[in-house]
**Q** 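The structure is given below, and queries will be raised subsequently.
Index from 1, following the sequence.
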Amino acid sequence: MKTIKPLGRRFFWVKSTGNIVAQRGELSEGIESTKEEDFKVYIELKPYDPDAIEMTTFQPGQYAEDFKRSKDWRFNPHTGEIEFSYYDPNAPEPEESTVYRRPLTEEINNLKAADLDIKEAIALLFEMHLKGGN
């Protein structure tokens, strides 16, 4: 039985290029559909072979900050991961080329974890030093 629930963003993208050909925004409530059902509904998908298209669905709120702060996004055809292009507030003029990268929210979480690891290592070294260790 299908249930009504909040739905996250959904993307349909070309496996060979990562280009997004159709997408669904977040919905406060709805019934989740299958790829086959969506191919019958989305006009943008009609010209494509379903085997050439990948479907990626995010949890509600997932990457919300990245979508809000970025200027564009795509999927990396080699990894299948979403990548974002962000505005550079320090750039004097609009950028000529678009650079895509992993979501900044993931990078921030990784940096926070690494920072915690470093702080724990420093605390351990300091404790060893206090105990007279080398």
Side-chain angles (χ1 to χ4, degrees):
M1 180 173 130
K2 295 188 177 195
T3 59
I4 296 174
K5 62 181 183 176
L7 301 177
R9 291 175 182 255
R10 175 173 283 178
F11 296 94
F12 297 89
W13 50 279
V14 180
K15 291 179 183 179
S16 61
T17 66
N19 294 334
I20 298 168
V21 294
Q23 59 185 305
R24 172 191 78 198
E26 283 199 19
L27 300 171
S28 59
E29 60 180 34
I31 297 174
E32 197 62 90
S33 56
T34 65
K35 182 177 178 181
E36 293 75 23
E37 292 169 332
D38 287 344
F39 257 84
K40 292 176 185 174
V41 175
Y42 285 80
I43 295 169
E44 303 93 337
L45 297 175
K46 299 282 185 214
Y48 294 95
D49 176 355
D51 291 335
I53 300 295
E54 186 68 44
M55 180 181 83
T56 302
T57 306
F58 294 118
Q59 296 297 316
Q62 188 175 1
Y63 301 124
E65 194 66 24
D66 295 285
F67 285 113
K68 186 170 119 179
R69 296 187 181 275
S70 64
K71 61 182 176 180
D72 195 22
W73 45 86
R74 69 165 188 194
F75 284 83
N76 183 313
H78 305 292
T79 65
E81 299 294 322
I82 193 163
E83 297 177 332
F84 292 90
S85 175
Y86 298 93
Y87 294 100
D88 182 354
N90 300 319
E93 297 178 19
E95 297 174 36
E96 296 283 324
S97 63
T98 302
V99 176
Y100 289 93
R101 59 188 293 171
R102 293 180 56 207
L104 284 178
T105 51
E106 283 183 6
E107 289 185 28
I108 290 168
N109 289 338
N110 290 343
L111 288 170
K112 284 179 180 178
D115 182 54
L116 183 60
D117 290 345
I118 291 168
K119 287 176 180 173
E120 288 174 351
I122 291 170
L124 180 61
L125 288 171
F126 186 69
E127 186 178 319
M128 288 172 55
H129 177 72
L130 288 176
K131 291 181 180 178
N134 293 327

**Q** When clusters are formed from ILVMFWY side-chain contacts under 4.5 Å, directly or step by step, what else is grouped with Leu27?
**A** Leu7
**Q** Search all heavy atoms of Glu107 against all heavy atoms of Arg101 and return the closest pair with its distance.
**A** OE1-NH2, 2.7 Å
**Q** My understanding is that a hydrophobic cluster links ILVMFWY residues whose side chain heavy atoms are under 4.5 Å apart, including indirect links. Using that, what else belongs to the cluster containing Ile122?
**A** Ile118
**Q** Ile20, Phe12: one ILVMFWY side-chain cluster at the under-4.5 Å cut-off?
**A** no
**Q** How long is the straight-line distance from OH of Tyr87 back to NZ of Lys71, given to the nearest 0.5 Å?
**A** 7.0 Å
**Q** What pairs of donor and acceptor atoms, side-chain ones from residues 59-66 against any protein atom, are under 3.5 angstrom apart with sequence neighbours left out?
**A**
from  : atom 1 : to     : atom 2 : distance (Å)
Gln62 : OE1    : Gln59  : N      : 2.9
Tyr63 : OH     : Glu106 : OE2    : 2.4
Glu65 : OE2    : Arg69  : NE     : 2.4
Glu65 : OE2    : Arg69  : NH2    : 2.9
Asp66 : OD1    : Tyr86  : OH     : 2.5
Asp66 : OD1    : Leu104 : N      : 2.9
Asp66 : OD1    : Thr105 : N      : 3.3
Asp66 : OD2    : Thr105 : OG1    : 2.4

**Q** So, do Val21 and Ile53 sit near enough that their side-chain heavy atoms are less than 4.5 Å apart?
**A** yes
**Q** Give a yes or no on this: more than 12 heavy atoms of other residues, nucleotides or ligands lie within 6.0 Å of atom NZ of Lys2.
**A** yes
**Q** Pairs in or reaching into residues 22-34: which pass salt bridge (charged side-chain N to carboxylate O under 4.0 Å, His left out), with residues at least two apart or in two chains?
**A** Arg10-Glu32, Arg24-Glu32
**Q** Evaluate the side-chain proximity of Glu54 to Phe75: yes if any heavy-atom separation is below 4.5 Å, no if none is.
**A** no
**Q** Are side-chain heavy atoms of Ile82 and Phe67 found at a separation under 4.5 Å?
**A** yes
**Q** Is it the case that over 12 heavy atoms from other parts of the model lie below 6.0 angstrom from the NZ atom of Lys5?
**A** no
**Q** Roughly how far, to the nearest 0.5 Å, is the CZ atom of Arg102 from the CG atom of Asn76?
**A** 11.5 Å
**Q** Going by side-chain hydrogen bond (donor to acceptor under 3.5 Å, both in side chains), name the residues that satisfy it together with Asn110, two or more places apart in sequence or in a different chain.
**A** none
**Q** Would you give the length of the straight line joining atom CG of Leu124 to atom CE of Met128, rounded to the nearest 0.5 angstrom?
**A** 6.0 Å
**Q** Does atom CD1 of Ile4 have more than 12 heavy-atom neighbours from other groups under 6.0 Å away?
**A** no
**Q** How many angstroms lie between CH2 in Trp13 and CG in Asn19, if you round to the nearest 0.5 Å?
**A** 10.5 Å
**Q** For a quick test of your reading: what N or O donor-acceptor pairs under 3.5 Å do the side chains of residues 42-52 make, sequence neighbours left out?
**A**
from  : atom 1 : to    : atom 2 : distance (Å)
Lys46 : NZ     : Phe39 : O      : 3.4
Lys46 : NZ     : Lys40 : O      : 2.9
Asp49 : OD1    : Asp51 : N      : 3.0

**Q** Testing the basics here: between Pro77 and Gly18, what is the closest heavy-atom pair and its distance to 0.1 Å?
**A** CB-N, 4.0 Å
